[in-house]
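Below: the structure, in structure tokens.
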Amino acid sequence: MTTKTHSNAEVGNKEDASYLNSLRSSLLDWFRLKQRRLPWRDTRDPYAIWVSEVMLQQTRVAAVSERYVAFLERFPTVFNLAAATEAEVLTLWSGLGYYRRARQLHCAARQIVEHKAGEIPTTAGELLLLPGIGKYTAAAVASIAYSEPIAAIDGNVERVVQRLRGWGSEGASDQPAIARHISAEAQRLLDPAAPGDWNQAMMELGATVCLPRAPRCADCPIVSFCATRGEHVTPKRAPMRSESVAYALVVRSRGKTKQVLLVQRPAEETVMPGMWELPLDTGDHSPAAPMLKLRHAIMQVNYKVEIYSATANGVSVDGKKHRWVDARSAAKLPLTGLARKTLLQSGMLNDDRP
DNA sequence: TATGCGTGGTC
DNA sequence: TGACCAAGCAT
């Protein structure tokens with residue numbers, strides 16, 4: 001499928017100042033009227049905005065919303081975050097994925113407290129120097145918290161600009177050149193009078209109207225400016241593999257409290273280092289049915305997971321650090337998402353994190 | 001520049 | 001069910 005350009009009188013002269021003003025106010029008016037109420041939209045605290053932007057990296061708004069509130073309650077300021085241990089930060093992050101983000105956020109908070117007296121850098125250029133902050137996040141924080149007129153270009157904005165201008169990506173075309181064009185155009189479109197709102201409006205449009213698959217052009221506030229009316233080529237991705245894996249839920253009683261056996265992933269692990277999970281079930285459980293079956297996708301692998309009730313001798317901790325943990329306090333450890341899900345579904349855990 | 005890094009919702 | 005993918009970053 002290719003991208004066509006509709007000839008359309010309303011598209012107007014793109015260089016014209018009144019054209020730009022009209023486009024800008026159309027989108028901004030829509031955003032101010034229709035935007036979703038989200039917890040990070042009630043603040044201009046640069047720390048809070050920074051936390052939200054890092055959490056939102058490749059992560060859905062719905063998943064972030066609850067976690068964001070809990071995270072800020074536990075770490076209301078950059079000083080609280082800097083004073084925490086990495087394990088505490090990971091615990092609040094457990095289940096969100098991309099744990100490197102949490103480590104880097106924590107690391108950056110410590111740098112800011114140590115070297116900048118706790119003042120979050122105020123420009124995109126300075127923000128970019130911090131770990132975990134790339135071009136997008138630097139621009140988002142600088143524009144939203146400090147009104148710096150710089151375009152924040154995420155996947156949504158890229159798609160919106162691409163459709164708006166009819167710069168569809170055909171297989172063999174020059175991707176970096178297209179990206180540069182998109183970036184320049186996004187910067188040109190940006191409303192310098194309201195950079196934070198503008199950037200959020202572009203993303204909101206991409207997230208709620210200018211959807212990747214089935215864009216809702218009938219609801220689009222800038223459809224009359226759009227070259228393509230939603231036609232768009234989406235690149236193919238690698239297919240996911242499927243794998244089976246079995247974990248063991250090993251429980252013992254100590255007085256009135258139940259304890260569960262957990263193992264810690266080695267620090268050298270590339271995926272989720274240092275986080276806690278259930279031991280692998282190596283047992284010959286052929287007669288027994290799993291107590292729980294669930295599926296869990298990690299990266300390009302779809303896991304079919306079986307959880308077996310087992311005794312301590314039926315499992316493998318093969319040299320890894322392991323602990324018996326009170327069921328109630330397991331939530332205070334940095335668990336992998338799968339371990340968290342398993343313990344929750346088996347009724348071992350209440351999700352009260354510190 | 002391509003790849004590794006997690007997860008849960010949706011259809 | 002399985003495929004797809006969401007406000008990216010670092011290397």
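Keep in mind that what you see is a predicted model, and the values were worked out from it rather than measured.
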5' precedence on DNA chain C between R36(A) and R295(A) (nearest-nucleotide basis)
R295(A)

Nearest-Å distance for atom pair CG/P, residues L92(A) and dT7(B)
16 Å

On the side chain of T59(A), is there an atom forming a donor-acceptor pair with the base of dG8(C) - under 3.5 Å, no angle test?
no

With the side chain counted from C-beta on, respond yes when W276(A) and V325(A) share a heavy-atom pair under 4.5 Å apart, and no when they do not.
no

Rounded to the Å, how far apart are L96(A) CG and dG9(B) C1'?
14 Å

Spacing between R67(A) atom CZ and dA7(C) atom C1', to the nearest angstrom
17 Å

All ring pair (Phe, Tyr, Trp, His ring centres under 6.0 Å) counterparts of Y68(A), not counting sequence neighbours
W40(A)

In whole Å, what separates the C1' atom of dC5(C) from that of dG6(B)?
12 Å

Does E269(A) have more than 12 heavy atoms from other residues, nucleotides or ligands lying within 6.0 Å of its CD?
yes

Ignoring the backbone of P212(A), work out which of dC5(B), dA6(C), dG8(B) is nearest its side chain.
dA6(C)

Take the protein atom CE of M55(A) and the nucleotide atom C1' of dT7(B), then report the distance between them rounded to whole Å.
14 Å

Closer than 4.0 Å, any side-chain N/O of H296(A) to the OP1 or OP2 of dG6(B)?
no

P gap between dG4(B) and dA7(C), integer Å
23 Å

Go through the structure and list residues passing ring pair (Phe, Tyr, Trp, His ring centres under 6.0 Å) with F71(A), not counting sequence neighbours.
F75(A), W93(A)

Whether K304(A) contacts dG2(C) is assessed here as follows: a side-chain N or O lying under 4.0 Å from the phosphate OP1 or OP2. Is that the case?
yes

Close residues, residues 38-52 of chain A, relative to DNA chain C [heavy-atom separation under 4.0 Å]
L38(A), W40(A), R41(A)

Rounded interatomic separation in angstrom, taking CE from M202(A) and P from dA6(C):
16 Å

Restricting to side chain to side chain donor-acceptor pair (under 3.5 Å), what partner residues turn up for K135(A), sequence neighbours left out?
none

Of all residues at least two apart in sequence or in a different chain, which pass the ring pair (Phe, Tyr, Trp, His ring centres under 6.0 Å) check with F31(A)?
none

Under the side chain to side chain contact (heavy atoms under 4.5 Å, CB included) test, residues paired with Q259(A) that sit two or more places apart:
R252(A), R254(A), W324(A), D326(A)

Atom-to-atom span, CZ of R60(A) to C1' of dG6(B) - whole angstrom:
13 Å

Scan for salt bridge (charged side-chain N to carboxylate O under 4.0 Å, His left out) pairs involving residues 36-47 of chain A, sequence neighbours excluded, and state none if there are none.
R36(A)-E204(A), R37(A)-D42(A), R41(A)-E204(A)

Pull out every protein N or O sitting under 3.5 Å from an N or O of nucleotides 9-11 of chain C, one pair per line with the distance.
from    : atom 1 : to      : atom 2 : distance (Å)
dC9(C)  : OP1    : G134(A) : N      : 2.9
dC9(C)  : OP1    : G134(A) : O      : 3.4
dC9(C)  : OP1    : T137(A) : N      : 2.9
dC9(C)  : OP1    : T137(A) : OG1    : 2.6
dC9(C)  : OP2    : Y136(A) : N      : 3.4
dA10(C) : OP1    : G132(A) : N      : 2.4

Between dC5(B) atom P and M275(A) atom CE, what is the distance in whole Å?
14 Å

P spacing across the pair dG8(B) / dC9(C), given as an integer number of angstrom:
22 Å

Considering only dC5(B), dA7(C), dC4(C), which nucleotide approaches the side chain of V271(A) most closely?
dC5(B)

Among the nucleotides dC5(B), dT7(B), dA7(C), whichever has the atom closest to the side chain of Y98(A) is dC5(B)

Any ion pair linking R74(A) and E88(A) (charged N to carboxylate O, less than 4.0 Å)?
yes

Given atom CH2 of W276(A) and atom P of dG6(B), what is their separation to the nearest angstrom?
18 Å

With E126(A), which residues qualify under side chain to side chain donor-acceptor pair (under 3.5 Å), at least two apart?
T123(A)

Determine whether any donor atom in the side chain of R101(A) lies under 3.5 Å from an acceptor atom in the base of dC5(B), or the reverse, and answer yes or no.
no

